[in-house]
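Letters A, B, ... are given to chains in the order of the sequence lines, protein chains preceding strands, and every chain is numbered from 1.
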Amino acid sequence: MDRTGIADELNAWFSREARPLPWRDPEISPWAVLVSEFMLQQTQVERVLPRWVAWMERWPTPSALAADPPGEAVRAWDRLGYPRRALWLHQAAVEITERHGDQVPSDIDALLALTGVGPYTARAVATFAFGERHPVVDTNTRRVIARAVHGRAAAGMPAARDLDDMAELLPNTPAAAAVFNAAAMELGAIVCTARAPRCGVCPIAQLCEWRGSGYPENAPTKRPKQARFEGSDRQARGRVMAALRAAEGPVARAELLAAAVSDVGPGDSAQAERAVASLLSDGLVVVTGDALRLP
DNA sequence: ATCCAGGAAT
DNA sequence: ATTCCGGGAT
């Protein structure tokens with residue numbers, strides 16, 4: 001495998017074509033990088049941008065966020081989805097304030113110990129905020145490696161092997177390695193996309209095993225299928241959260257149960273109860289008297 | 001219908 | 001190892 005070829009070509013391409021995202025500014029704080037990584041979990045760049053800007057304006061440090069109630073984080077999260085991330089980010093801010101003197105740690109294990117920080121986010125922060133040399137593997141990078149290196153149409157299930165694959169491609173210097181991690185993600189996000197890869201503009205098309213072998217239909221069949229969103233409990237939860245964000249203060253339980261139900265559909269009272277119960281369990285909703293509010 | 005800068009709970 | 005968790009875009 002042409003290890004240095006892929007890294008050299010992708011890094012050169014990245015220097016020309018990378019989107020000018022604010023969290024890639026070399027002067028940005030580690031906290032700003034951490035916030036971006038939380039928001040970018042399962043959420044595209046375009047949707048994150050405005051919320052990230054507002055968030056950093058309001059909470060420029062971990063301690064600033066920790067000083068506000070978690071419900072304010074949930075409200076500012078707006079419609080980014082997976083609102084537990086907002087709760088987790090607030091909790092991580094508390095932990096950073098209490099355990100690390102208001103400074104985001106650079107150590108992988110210290111990062112992994114933070115609420116809501118997993119294998120991807122820990123390495124992303126250590127690499128992009130602190131310039132350390134680690135393999136950073138997200139869904140884009142897994143697909144790029146699956147195609148370019150393994151000659152497969154798509155990546156399989158996430159595995160520990162993914163980190164080893166990326167580590168083998170990583171340039172030696174920390175600076176070049178950090179750029180390459182970002183470049184592999186960027187390529188997957190805007191060129192080597194899941195549905196319609198734009199191989200005509202790909203900087204490593206000549207090195208790509210999948211292209212070289214004629215685009216075989218060899219995608220792994222293991223991938224779990226996502227449940228439909230329409231009519232789901234997740235949709236009902238989303239409606240409850242939207243009602244709570246829109247309200248100034250507490251909302252009557254009956255009003256929230258009504259909000260959980262579609263405006264037009266017949267309504268599923270059991271599902272509405274389930275939604276509120278699970279939100280209470282997650283800590284996204286708390287009880288005050290006979291009403292409910294954000295934490 | 002499928003995908004998305006994932007992580008936690010089980 | 002599976003399941004759950006939003007919501008927007010294609």
Side-chain angles (χ1 to χ4, degrees), chain A residues 14 18-19 21-24 32-52 74 77-89 91-92 111-129 134-144 153-160 162-163 166 178 181-190 192-198 219 222-245 260 271 274-275 277-279 281-285:
Chain A
F14 187 77
R19 295 166 291 182
L21 304 178
W23 45 83
R24 288 176 177 161
V33 173
L34 180 66
V35 172
S36 77
E37 295 299 346
F38 264 84
M39 291 185 171
L40 287 163
Q41 291 168 7
Q42 293 286 284
T43 310
Q44 294 87 340
V45 165
E46 297 72 29
R47 295 177 54 201
V48 165
L49 270 169
R51 282 60 183 268
W52 180 86
V74 173
W77 199 256
D78 198 27
R79 311 190 77 177
L80 279 178
Y82 294 147
R84 289 186 298 186
R85 291 183 292 166
L87 222 45
W88 292 340
L89 179 53
Q91 179 59 30
L111 286 162
L112 285 171
L114 298 173
T115 300
V117 174
Y120 165 77
T121 303
R123 288 171 180 80
V125 170
T127 298
F128 302 137
H134 302 282
V136 182
V137 177
D138 76 331
T139 187
N140 291 306
T141 294
R142 295 196 323 107
R143 184 176 53 255
V144 168
M157 297 286 290
D162 299 338
L163 286 177
M166 190 57 177
N181 277 307
M185 283 190 285
E186 187 80 346
L187 188 78
I190 68 181
C192 193
T193 55
R195 294 175 180 166
R198 303 164 54 216
K222 289 293 296 176
R223 305 202 58 176
K225 56 259 171 251
Q226 181 169 314
R228 78 181 284 108
F229 179 64
E230 194 65 31
S232 67
D233 284 12
R234 291 158 71 173
Q235 185 179 42
R237 282 169 54 107
R239 291 196 179 106
V240 172
M241 292 308 297
L244 281 168
R245 287 195 308 268
Q271 181 178 62
R274 216 156 50 232
S278 70
L279 290 169
S281 173
D282 285 344
L284 283 163
V285 176

Could you list the donor-acceptor pairs under 3.5 angstrom formed between side-chain atoms of residues 33-41 of chain A and any protein atom two or more places apart in sequence or on another chain?
unit_1, atom_1, unit_2, atom_2, d
A/Ser36, OG, A/Val33, O, 2.7
A/Glu37, OE1, A/Tyr120, OH, 2.8
A/Gln41, NE2, A/Thr121, OG1, 3.0

Atom C1', compared across B/dC3 and C/dG6: separation rounded to whole Å: 13 Å

Taking C/dG8 as the reference, what is the distance to B/dG7 when you measure between their P atoms (whole Å, please)? 23 Å

Does a nitrogen or oxygen in the side chain of A/Arg234 sit under 4.0 Å from OP1 or OP2 of C/dG7? no

Pairing donors with acceptors under 3.5 angstrom, does anything connect the side chains of A/Arg237 and A/Ser232? no

OP1, OP2 of B/dG7 versus side-chain N and O of A/Thr121: anything below 4.0 Å? yes

Return the value, rounded to whole Å, for the distance between atom NZ of A/Lys225 and atom P of B/dC3. 12 Å

Between B/dA5 (P) and A/Glu37 (CD): distance, integer Å: 11 Å

Taking only N and O in the side chain of A/Thr139, is any of them less than 4.0 Å away from OP1 or OP2 of B/dC4? yes

Under-3.5 Å donor-acceptor pair between A/Glu230 side chain and C/dG8 base: no

Hey, is the side chain of A/Gln42 poking within less than 4.0 Å of OP1 or OP2 on B/dG6, counting only N and O atoms? yes

Identify whether any heavy atom of A/Arg79 sits under 4.0 Å from a base atom; if not, whether one sits that close to sugar-phosphate; answer base, sugar-phosphate or nothing. sugar-phosphate

C/dC5 base to A/Gln226 side chain: any donor-acceptor pair below 3.5 Å? no

Please list, in numerical order, the residues of residues 80-88 of chain A that have a heavy atom closer than 4.0 Å to any atom of DNA chain B. A/Arg84, A/Trp88

Heavy-atom nearest nucleotide on DNA chain B for A/Tyr120 versus A/Arg143: which residue maps closer to 5'? A/Arg143

Within the 4.0 Å heavy-atom criterion, would you say A/Ser232 contacts the bases, only the backbone, or no part of the nucleic acid? nothing

A/Phe14: what forms a side-chain contact (heavy atoms from CB on, under 4.5 Å) with it, not counting sequence neighbours? A/Ala18, A/Arg24, A/Val179, A/Ala182, A/Ala183, A/Glu186

